[in-house]
A.B. asks: 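Below you'll find the structure I mean.
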Amino acid sequence: MLVKLSSSALKQTRWYEYGVRFLLGGLATVLAGIVSKRFGVSIGGLFLALPAIFCASATLIESHERRAKEKAGLSGRRRGQQAAALDAAGAGLGSIGLAAFASIFYVVVSTTTIGAFVAAVLVWAAVSVLAWWLRRKFRITSRAVQAERIGQSARGRGIP
């Protein structure tokens, strides 16, 4: 899958879905504030770092994909789950980049604030793209694993 920007998703989104995103994002932010007040800003900041919109986005991506398949007369349940899982994997890879951003910013900010932002953004972009590339390069699909197991089983029985 190539990374690309597409405005067609804006046309597919229904008005109430934006409300769901706003509500769930706001609730996640309020939860982070409550945790912060109770356990301190260090712990609360970890919860605020959670992409507040992710939960809503995953459910909306799933429903969009499912609806598109059902419109074509097919069951879209599995396709919706796969699309949401792919989005979750991307969020995980982005989180690796975010951790790199935070680390670089923490180290450089005592010297220069602007330089810290510039360096951290560059490192975030590089680490995120590298993580995406590594995942793409080394990913093993379930079909490939299954085919390999079948091949090993057949070779074990003397079948060429």
Side-chain angles (χ1 to χ4, degrees), residues 1-14 16-70 74-109 115-149:
M1 172 180 221
L2 293 176
V3 178
K4 63 181 180 176
L5 181 64
S6 173
S7 64
S8 65
L10 295 174
K11 296 174 192 169
Q12 295 173 353
T13 305
R14 296 185 173 143
Y16 64 86
E17 292 175 334
Y18 289 110
V20 169
R21 288 180 180 179
F22 180 79
L23 179 67
L24 290 177
L27 288 174
T29 304
V30 168
L31 175 66
I34 291 169
V35 168
S36 240
K37 190 165 181 90
R38 174 80 170 100
F39 298 104
V41 293
S42 296
I43 303 299
L46 294 174
F47 282 86
L48 194 55
L50 168 74
I53 200 86
F54 174 72
C55 301
S57 293
T59 58
L60 293 175
I61 287 169
E62 187 273 335
S63 68
H64 280 221
E65 290 295 324
R66 184 177 32 81
R67 225 181 293 135
K69 280 290 190 177
E70 287 171 353
L74 303 168
S75 172
R77 185 171 177 262
R78 178 130 171 96
R79 170 68 179 207
Q81 290 172 345
Q82 289 173 338
L86 185 60
D87 187 57
L93 296 175
S95 296
I96 295 169
L98 186 59
F101 176 98
S103 300
I104 295 300
F105 188 83
Y106 179 78
V107 169
V108 178
V109 75
F117 273 113
V118 170
V121 166
L122 292 174
V123 167
W124 165 77
V127 168
S128 295
V129 169
L130 178 65
W132 171 81
W133 181 81
L134 287 170
R135 180 189 177 275
R136 185 172 179 181
K137 178 98 173 133
F138 296 112
R139 115 180 129 201
I140 299 173
T141 62
S142 59
R143 287 183 184 160
V145 170
Q146 189 176 31
E148 179 63 29
R149 286 183 185 154

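Index from 1, following the sequence.
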A.B. asks: In chain order, what residues pass the side-chain contact (heavy atoms from CB on, under 4.5 Å) check against Leu130, with sequence neighbours excluded?
C.D. replies: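 So Leu130 forms a side-chain contact (heavy atoms from CB on, under 4.5 Å) with Trp133, Leu134.
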A.B. asks: Show the nearest heavy-atom pair for residues Ser128 and Gly97, with the distance to one decimal.
C.D. replies: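 Result for this residue pair: OG-CA, 3.4 Å.
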A.B. asks: Please report the shortest heavy-atom distance between Val127 and Ala100, naming the atom on each side.
C.D. replies: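 Taking Val127 first and Ala100 second, the nearest heavy atoms are CG2-CB, 3.8 Å.
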A.B. asks: Could you pull out all residues at least two apart from Val41 that satisfy side-chain contact (heavy atoms from CB on, under 4.5 Å)?
C.D. replies: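 For Val41 the side-chain contact (heavy atoms from CB on, under 4.5 Å) partners, ignoring immediate neighbours, are Ser36.
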A.B. asks: State, yes or no, whether a side-chain contact exists between Val123 and Phe101 at a heavy-atom distance under 4.5 Å.
C.D. replies: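 No, side chains not in contact.
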A.B. asks: Please name the pair of heavy atoms, one in Leu98 and one in Trp124, separated by the smallest distance, quoted to 0.1 Å.
C.D. replies: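 Smallest heavy-atom distance, with atoms named: N-CD1, 3.5 Å.
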